[in-house]
Amino acid sequence: MTTTRSAAESGTPTPWHALPPEEVLSRLGTGPGGLSSTEAGERLAGHGPNTMPDAAPVSALRRVARLLADPMILVLAVAAVVSAGVSREWETPVVILLVVVLNTILNYVQETRAEAGLAALRDMSVPRSRVVRDGVEIEVDSSDLVPGDIVVVESGDRVPADGRVLAGSRVQVAESSLTGESVPVDKSPQAVEDVDAPLGDRSSMVFMNTEVTRGRARLVVTGTGEHTEMGAIADLLSGAAPGQTPLQKRIGALARVLTAIALVVVGLVLVIGLVRGQTWEDMLLSAVSLAVATIPEGLTAVVAFTLAMGASRLAREGAIIKNLAAVETLGSTSHIATDKTGTLTLNEMTVTRIVAGGGSYSVTGTGYGGSGAVLSSDPDVVPDLRRAAVAMSLCNDAIIDDGRLVGDPTEGALLVAATKCGIDVEGLRAARPRVAQVPFDSAYKFMATVNRAPGGDLVLHVKGATGAVLPRATHVWDGATAVELDDERRGALRADTEGLAASGLRTLLVAARPFGDGDGPPDEDSLLGEVRDLTVLAVLGIVDPPRPRAAESIRIAHQAGISVHMITGDHLVTASAIARDLGIGGEAVSGVELDRIDAEELSARAARLGVLARVTPEHKIRMVRALQADGDVVAMTGDGVNDAPALRQADIGIAMGITGTDVSKGAADMVLTDDNFSTIVSAVRQGRGIYDNIVKFVKFQLTTAWAFVIVFLASGLLGLATVPFTALQVLLVNIVMDGPPAMALGVEPVEKDAMRRPPRPAGEQILTLTRLVRILWLGVVMAVGTLLVLASAEAVFPDRAGEPLFATTLAYATFVFFQVFNLMNVRSDHGSVFSRDMAHNAPIWVALGAVPLLLIAVVQVPFLQGVFDTTSLRADEWLLATAVASSILWLEELRKAGARWRTRRAGVSGRMDVV
């Protein structure tokens, strides 16, 4: 890790945490008085500022070039070149250019908006630090810190750089953002004997962007900027680059298929026309029109619009999307690998159980606001926990100010519990001032205070681990008096403690005893020996509670066929208990066990692993890769620096916006502004709906393209028309007349059963066999109807015989009306057009009105007639076109009714089988 590397740079392979303070100072060329201002300036020039290097900004030109490299954009460019070079028409390439510009603008604006939102979330840096230079304590910008600086931190401060602790007592640091450990860890100047101690066990080191929750420490900076543990994790990100998203792969595959089809069909038309003796000029015009008809020019624009609309909806629900394609990726997610602390839990320690006075009580409410109550299992029993609550309040250094904790989270939990027991903490502390204390120390695992009662008597209060406090106790409070702590009662206390621990709770004992009315307060050394003859007042069970709705969100995810895996740096017992409460099943393993599993075995077992505890960033990446091995789509959530490499490796990384670090946000594809796990489930639902809408549009437009192919081929073979529709007429259909319907499909509401379906197979193409058959069938219906009108127009309306544009205009109107009716068809594979659910999308009805009006204008307005080669139609002719085109609606209604009948019949048969 970085500490080892920094040590190596100083001339020794021994890491900083294993060296005594004096040798650390010597090797860094500094002393207790710190560096001189001159030396600090020279080191700053050599080491660089104490900041994480920002990614090089991407120029607007490069960003636009990347957007233009999209496969469908390239297809459109080819179409424009062919149209301009062969047909010599300016209208076609201009329209295509407008589509390209619109698509690029949509993507560019959305990416810029996402980056602006992320910039507003970044608030992790420490602006100023207290540093000793020239023997004087001063404040400097944290970016100016250098190795060798002596820095002073205290409770509430965020550590500005990696450093070796030189001095400090009862110092604790919350390292959950780095290690995943939910409980603050003790720090001391004593060197750690284990040279290879893992990050979470380096008690003599503090790390950049972790938070001091208790005490005051003096440290020497050993690493700054990218030469910190955060920098080491950032190095992992460079090797964890994900590939294309599923949508990008599918759209790319579709673009290649459509291009191949276009080339084949154009070749066929050319061959057929030449065999029939048609001129090269006529055949080239026909080929160009057909090529334009085969390629759905609006596809990329509509996909971008649909994704942008989905991203906007997600932003309103609390999620910022950095990459538009990531919206759809959520919809195909089959595994969510989630961090625990701060993601599934609140990262706010809370007392949930109190065993005292012969009773067991549950404590409701979470957070530091004080809401909640202490409840007894017997409604007739009113708990009297005042003695325990007094000890919790006085043997405590934390402060809660308007719901905000300053100090140790566990001590904050005790203050909140005392408040729920009816204690006015501030008033109590004022009435019973502290006169002496034994600060918490990992060596003896308890804290003790002596407070003066209003009558002048002194009382000793103690809180600490069961193994440390119980041996010093002689009595236990039974609710009315202190009774002797015999073997039976001592065993009962141990059983209570073990029971709470087995359910995943951390346990603490609070105790007290009269200390007399001595003339003066004892010193710390003599007081340590006086922590004896205690009366145990209560056993406390403490937990970092799950987030509201987290369990319900996990249940919905399971219902949707999505496996949820908890991956955390916390202890296995605690993580397993939280997982059980949340409904996360499967095997539970620790990081040590994971190290003994090779890659092949892990890939085979990954899907069955519900909890991975006490893991490192490398373990998280291994798990994500193992889940991806079978082609599954993996989403990874997290908020800490230790989560960032896995966020980058996952198919979609989801970072927490409030508690998340800069590194995790930078590695993620999506940032949750509300840090709410349930927002992920909402995002998955939206992702599925977005994909459904894209499929609907693809079916809608490819049906049109296929119908065009048949019309062109058949009209040439049958001699009905050399060029049934001009290239500009085709473009008008594909872009302008498809535009409003496509946009309307892009905002279709998410279907009710979206979260009751299993995830799509990772390799599923947009054009499945079932969809392709339906597209071909509907295309045939459209083409046959159009060709019948084209062939019989003059026979049905003999007074129009001989008019050069009449038959093609009537056929064109019929074709467009086919689109209008098919728009209603594609909204649902099974639901009837006439059902109530079909009335919820207002833009659809706007589109259904806009397309016919536009068609009427193209056919009836003289100026547009000249542009699009059309002629006016009478009312009876319009009626014929509408009636023929409606056939596609009635045929689909019959098919859907049959499908619904078969489904109901299968459901009844299934129930009968069960019976």
key: R133: partners by salt bridge (Lys or Arg N to Asp or Glu O under 4.0 Å), with sequence neighbours left out   = D149
inquiry  = Using the side chain to side chain contact (heavy atoms under 4.5 Å, CB included) criterion, which residues pair with A635? Sequence neighbours excluded.
reply    = T333, I336, I652, I654
query = Residues in salt bridge (Lys or Arg N to Asp or Glu O under 4.0 Å) with E193, at least two apart?
reply = none
task = Check step by step if side chain to side chain contact (heavy atoms under 4.5 Å, CB included) holds for I150 and R218.
result = CA-CA 7 Å; I150 306 299; R218 184 173 291 239; 3.5 Å; yes
key: Residues in ring-ring contact (aromatic ring centres under 6.0 Å, His included) contact with H619, at least two apart in sequence or another chain   = none
ask   = Does R130 have any salt bridge (Lys or Arg N to Asp or Glu O under 4.0 Å) partners at least two apart in sequence or in another chain, and if so, which?
value = E154, D157
key: Sequence-distant partners of Y368, ring-ring contact (aromatic ring centres under 6.0 Å, His included), two or more places apart   = none
ring-ring contact (aromatic ring centres under 6.0 Å, His included) partners of H461, counting only residues at least two apart = none
query = Can you name the one residue among T210, L219, V171, V212 that meets side-chain contact (heavy atoms from CB on, under 4.5 Å) with K187?
reply = V171
inquiry  = Among residues at least two apart in sequence or on other chains, which ones pass side chain to side chain contact (heavy atoms under 4.5 Å, CB included) with T497?
reply    = T466, T507, L509, V539
ask   = How would you list, by chain and number, every residue that makes a salt bridge (Lys or Arg N to Asp or Glu O under 4.0 Å) with E348, sequence neighbours excluded?
value = none
task = With sequence neighbours left out, write down each residue that passes side chain to side chain contact (heavy atoms under 4.5 Å, CB included) with I597, or none if nothing qualifies.
result = L594, E601, L602, R605
note = Residue set satisfying side chain to side chain contact (heavy atoms under 4.5 Å, CB included) with D397, at least two apart, ordered chain then number -> R170, R214, E411, R434, Q437, M447
remark   = Those residues at least two apart in sequence (or on a different chain) that pass side chain to side chain donor-acceptor pair (under 3.5 Å) with D581 are none
